[in-house]
Amino acid sequence: MSDFDLVEYQNRLSLAQKAMHENNLDALVFCTEAEVRYFTGFRTLFWQSPTRPWFLVLPQKGEPVAVIPAIGADLMQKTWVKDIRTWSSPHPTDDGISLLAKALEDYSRIGWPMGPETSLRLPVRDFDALRSSCGAEFIDCTDLLKTLRMVKSEAELKIIKSICDIGSSAFARAGELFSSGQALDDVFRQFKIALLQEGAEDVPYLVGAAGQGGYSDVISPPSQTPLRDGDVLMLDTGSTLKGYFCDFDRNFAISHADDAAKRGYEKLWQATEVGLKHARSGTRCSDLFNAMHETMGGGSSDVGRYGHGLGMQLTEWPSIYAHDHTVLKPGMVMTLEPSMEISPGKIMVHEENILITEDAPVLLTQRVAPELPII
C-alpha cells in the first residue's frame, strides 16, 4: 500500500534529517494523522476514532520507528516502515507511553510540534508522563515541520491538480444539478454524488448556504429549505484523492440576482485577479493580503484571512493574512479566498486554488466568469 513511490518517502525523511541536524535535534516525534501519513504513507480513516494514540519517531540518523496500537500493525507493514512496535490498545494505565519512552531513551533533544495549527492527540497527563520519564528536552519543531510540508513535490502536485480538476468538473454540472424549489440538503446530496461520479475518492468537507441576495453563514449544515428565485447559492468543497484536498467554492444565483449580489461578486472576482497578480515567489503572505484587502476598500475585516495553504489537509500553513509574513516559494499550493459583506447581514465568499511558481501562479481550479452565474 502506497500512494507514492518509495523514493518520495525517502526524500521526505532525508530533508527532515537534514533539518534536524541544522537545528540540533536528535529526533522528531509526531502523533497526528497528516504527519504520520506524510512520512510513512499510512493512510486510514481509523484516525476518526479518538480512542487510541499513534506515534512516529524520526531519528536524525536511521529509519523511522512506528509506535502504534496493534490494530494498525498489518496496515503499517504495507508501508515502507520496517521498525514497528505495538501494544494492545486501549490500555487503562499505559497506552503506549512506556513503549514510546523506550524508543526515545537515547535522545536528549526531541522535536515535537507545539505551535499554531498543531494538536497533541493524546492525553495531556500522558504527555507530561512521557516528558518526565524521558529526561529529554522537548523542543517546538513547528517551524521545521512547516518548512518541510509547505512546498509540495511533483508527485503531490500531480494528485492535487487531479482533485482540483475533479472539483471543477462537478461544479460545471451546476445547471443540471440545482434548480429553484430544490431543498438545500438535496443540493448538498446531489453535489456530493457528482463529485464522486467525477472521480473524487471522498467528500469529507462540503459546506455552503443559500439566501435572498446573499447568505449570512457559510459553515452550518444544510436545512430542508427550498431554493427560491433570487437566492444566491454557495457551495464550498474539500474533496479528496489519495488523501489530498481541493478546497474552493462557487456562487450561483437562482433565476436572477439583485444588484448588490452582482456587484459583490464582481468585486470579489477582481480581488482574486489582484491576488493572482501578486501571488509570486518572494511575496510575503501579509503583502498579498494587503493587496487584496485594499482592492475591496480596506478598513477592518472580521474574516481574518484571504486564503491559506492546501494539501494533505483542507487548510495548511501559511495563511494569507496581515500577520503572516511567510514568503511564498515555488511549489506551494495556496487558496485565494477573499470575502466581504455585500449588503447588511449578507456576505459572499470566492475561492480559487493556485500553484506558486517561479513566474505567474498556475490556476489549479477552472477560473469562473467575472459575472455571477445564473441557474
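Side chains of Val232 and Met234 form no contact here, defined as non-hydrogen atoms less than 4.5 Å apart. You'll find the side chain of Tyr215 stays beyond 4.5 Å of the side chain of Asp231, heavy atoms only. Side-chain contact between Phe171 and Leu235 is present, with heavy atoms from C-beta onward closer than 4.5 Å. Counting heavy atoms from C-beta outward, Cys134 and Tyr107 have side chains that stay 4.5 Å or more apart. Inter-residue side-chain proximity for Trp47 and Phe42 is flagged as met; some heavy-atom pair is nearer than 4.5 Å. Between Val274 and Met296, the closest side-chain pair of non-hydrogen atoms is not below 4.5 Å. Side chains of Leu13 and Trp80 form a contact here, defined as non-hydrogen atoms less than 4.5 Å apart. Inter-residue side-chain proximity for His308 and Glu117 is flagged as unmet; no heavy-atom pair is nearer than 4.5 Å.
Minimum heavy-atom separation, Ser180 to Asp229: OG-OD1, 2.9 Å. Minimum interatomic distance between Leu227 and Ala210 (heavy atoms only, all atoms of both residues): CD2-CB, 3.6 Å. Heavy atoms only, all atoms of each residue included: Phe178 and Leu233 are closest at CD1-CD2, 3.9 Å. Taking both residues in full, the closest heavy atoms of Pro53 and Thr51 are given as CD-O, 4.0 Å, listed atom of the first, atom of the second, then distance. Contact between Gly275 and Leu336 at its shortest, heavy atoms only, is C-CD1, 3.8 Å. Minimum heavy-atom separation, Pro361 to Arg280: CD-NH1, 2.9 Å.
By the rule that hydrophobic residues join a cluster once side-chain heavy atoms approach within less than 4.5 Å of another member, Leu363 and Val349 end up as members of one cluster. Trp54 and Leu45 are not part of a single hydrophobic cluster, where members link through side-chain heavy atoms under 4.5 Å apart. Note: the hydrophobic cluster containing Leu177 also contains Ile254 (ILVMFWY, side chain heavy atoms under 4.5 Å, direct or indirect links).
Residues passing the side chain to side chain contact (heavy atoms under 4.5 Å, CB included) test with Lys329 are Val151, Met332, sequence neighbours excluded. Scanning for side chain to side chain donor-acceptor pair (under 3.5 Å) contacts around Asp217 gives Ser220, with sequence neighbours left out. In this structure, Asp5 has no salt bridge (charged side-chain N to carboxylate O under 4.0 Å, His left out) partners at least two apart in sequence or on a different chain. For Asp128, the salt bridge (charged side-chain N to carboxylate O under 4.0 Å, His left out) criterion is met by Arg131, not counting sequence neighbours. In this view, Phe39 and Phe30 satisfy the ring pair (Phe, Tyr, Trp, His ring centres under 6.0 Å) rule, not counting sequence neighbours. Every residue was checked against the side chain to side chain donor-acceptor pair (under 3.5 Å) condition with Ser119, not counting sequence neighbours, and none meets it. For Lys161, the salt bridge (charged side-chain N to carboxylate O under 4.0 Å, His left out) partners are Asp165, not counting sequence neighbours. The side chain to side chain contact (heavy atoms under 4.5 Å, CB included) test applied to Ser343 returns Ala260, Lys346, not counting sequence neighbours.
Here the OH atom belonging to Tyr244 is positioned 10.0 Å from the CZ atom belonging to Arg43, to the nearest 0.5 angstrom. Separating the CG atom in Asp247 from the CD atom in Glu351 is a distance of 4.0 Å, to the nearest 0.5 Å. Here the straight-line distance linking atom CD of Gln182 with atom CD of Gln224 works out to 13.0 Å at 0.5 Å rounding. Atom CD1 of Ile354 sits about 7.5 Å away from atom CG of Leu328, to the nearest 0.5 Å. Residue Leu241 holds its CG atom at 6.5 Å from CD1 of Ile159, rounded to the nearest 0.5 Å. Here CZ of Arg12 is found 5.5 Å from OG of Ser153. Values are rounded to the nearest 0.5 Å.
Under a 3.5 Å cut-off, the side chain of Asp324 and the backbone N or O of Ser319 do form a donor-acceptor pair. A donor-acceptor pair is defined here as one N or O able to donate and one able to accept, closer than 3.5 Å; no such pair exists between the side chain of Thr32 and the backbone of Ala34. Remark: the backbone N or O of Gln10 is not paired with any side-chain donor or acceptor of Ser14 at under 3.5 angstrom.
Under the ring-ring contact (aromatic ring centres under 6.0 Å, His included) criterion, the residue pairs touching residues 315-343 are Tyr321-His323, with sequence neighbours excluded.
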Distance-only donor-acceptor hits, side chain of residues 367-375, under 3.5 Å, sequence neighbours excluded:
residue	atom	partner	partner atom	Å
Arg367	NE	Glu273	OE2	3.3
Arg367	NH1	His350	NE2	3.1
Arg367	NH1	Glu352	OE2	3.2
Arg367	NH2	Trp269	O	3.1
Arg367	NH2	Glu273	OE2	3.0

With a cut-off of 3.5 Å and sequence neighbours excluded, list every side-chain donor-acceptor pair involving residues 57-74.
residue	atom	partner	partner atom	Å
Gln60	NE2	Leu25	O	2.7
Asp74	OD2	Lys78	NZ	2.6

Can you list, pair by pair, the side-chain donor-acceptor contacts under 3.5 Å of residues 191-199, counting residues two or more places apart and other chains?
residue	atom	partner	partner atom	Å
Gln197	OE1	Arg173	NH1	3.2
Gln197	OE1	Arg173	NH2	3.0
Glu198	OE2	Arg173	NH1	3.1

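One finds a salt bridge joining Lys18 and Glu22 here, because a Lys/Arg side-chain nitrogen approaches an Asp/Glu carboxylate oxygen to under 4.0 Å.
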Could you walk me through whether Asn251 and Leu268 satisfy the side chain to side chain contact (heavy atoms under 4.5 Å, CB included) test, starting with their C-alpha distance in whole Å, then the side-chain angles of each, then the deciding distance to 0.1 Å, before giving a yes or no? CA-CA 11 Å; Asn251 291 277; Leu268 289 170; 5.8 Å; no

For side chain to side chain contact (heavy atoms under 4.5 Å, CB included), just list the numbers for Met20 and Leu28, CA-CA rounded to whole Å, side-chain angles, deciding distance to a tenth of an Å, and then say yes or no. CA-CA 8 Å; Met20 279 185 264; Leu28 302 175; 3.7 Å; yes

Evaluation steps, salt bridge (Lys or Arg N to Asp or Glu O under 4.0 Å), between Arg121 and Glu33: CA-CA 9 Å; Arg121 210 189 178 282; Glu33 188 273 341; over 6 Å; no

Begin from the C-alpha positions of Ile163 and Thr240 and carry the test side chain to side chain contact (heavy atoms under 4.5 Å, CB included) through to its verdict. CA-CA 6 Å; Ile163 189 59; Thr240 58; 5.5 Å; no

Trace of the side chain to side chain contact (heavy atoms under 4.5 Å, CB included) decision for Glu201 with Lys242: CA-CA 7 Å; Glu201 287 184 357; Lys242 294 185 177 180; 3.9 Å; yes

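Using cut-offs of 30° and 60° on the angle between ring planes, the pair Tyr306 and His293 is tilted. Ring orientation note: the planes of Phe138 and Trp112 are tilted relative to one another, at an angle of 30° to 60°.
No hydrogens or angles considered: a donor-acceptor pair under 3.5 Å links the side chains of Ser89 and Asp95.
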